[in-house]
Amino acid sequence: LQGSRLPPVQGRVGCALALGGGRVYVHGGRSAERLEEELLAFNGALGVWSAVGQRGPGPGKLSSHVAVWHRGRLWLHGGQRGNVCSGLLW
């Protein structure tokens, strides 16, 4: 799905957000219906949202976690799945 055109991201709370490589990355959070797990990138120069593929298992559905872009890589840490808190780093 990488590079596909997607509609704007649905409103959500508790998502992780990072800026890097000319894009804004959004992961997870809670929408009106459910806990989300998708990783999306917004390319401001093109005005396009894209689904981002990942290598290997990812963090899955999370909210209230953090994201940072460092040395060309996106890192995610912590968060919650329901009432369970995570201390993992992806």
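Worth knowing before you read on, the calculation uses all heavy atoms, side chains too, and leaves out hydrogens, waters and symmetry mates. FYI, the numbering just counts along the sequence from 1.
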What one should report as the nearest heavy-atom pair of Arg12 and Gly28 is NH1-O, 2.9 Å
If you take all heavy atoms of Val52 and Ala41, which pair is closest and at what distance?
CG2-CB, 3.7 Å
For the residue pair His65 and His27, does the interplanar ring angle fall in the parallel (under 30°), tilted (30 to 60°) or perpendicular (over 60°) class?
perpendicular
Taken to the nearest 0.5 Å, the spacing of Leu74 CG from Arg23 CZ works out to 12.0 Å
For the residue pair Gln80 and Leu62, establish whether any side-chain heavy-atom pair is separated by less than 4.5 Å.
no
Which heavy atom in Ala16 sits nearest to a heavy atom in Val66, and how many Å separate them?
CB-C, 3.9 Å
As an exercise, state the distance from CD of Glu36 to OG of Ser63, rounded to the nearest 0.5 Å.
11.0 Å
Identify the heavy atoms of Leu19 and Trp69 that sit nearest to each other, and give their distance.
O-CB, 3.3 Å
Flag side-chain contact, heavy atom, 4.5 Å: Leu89 against Trp75
yes
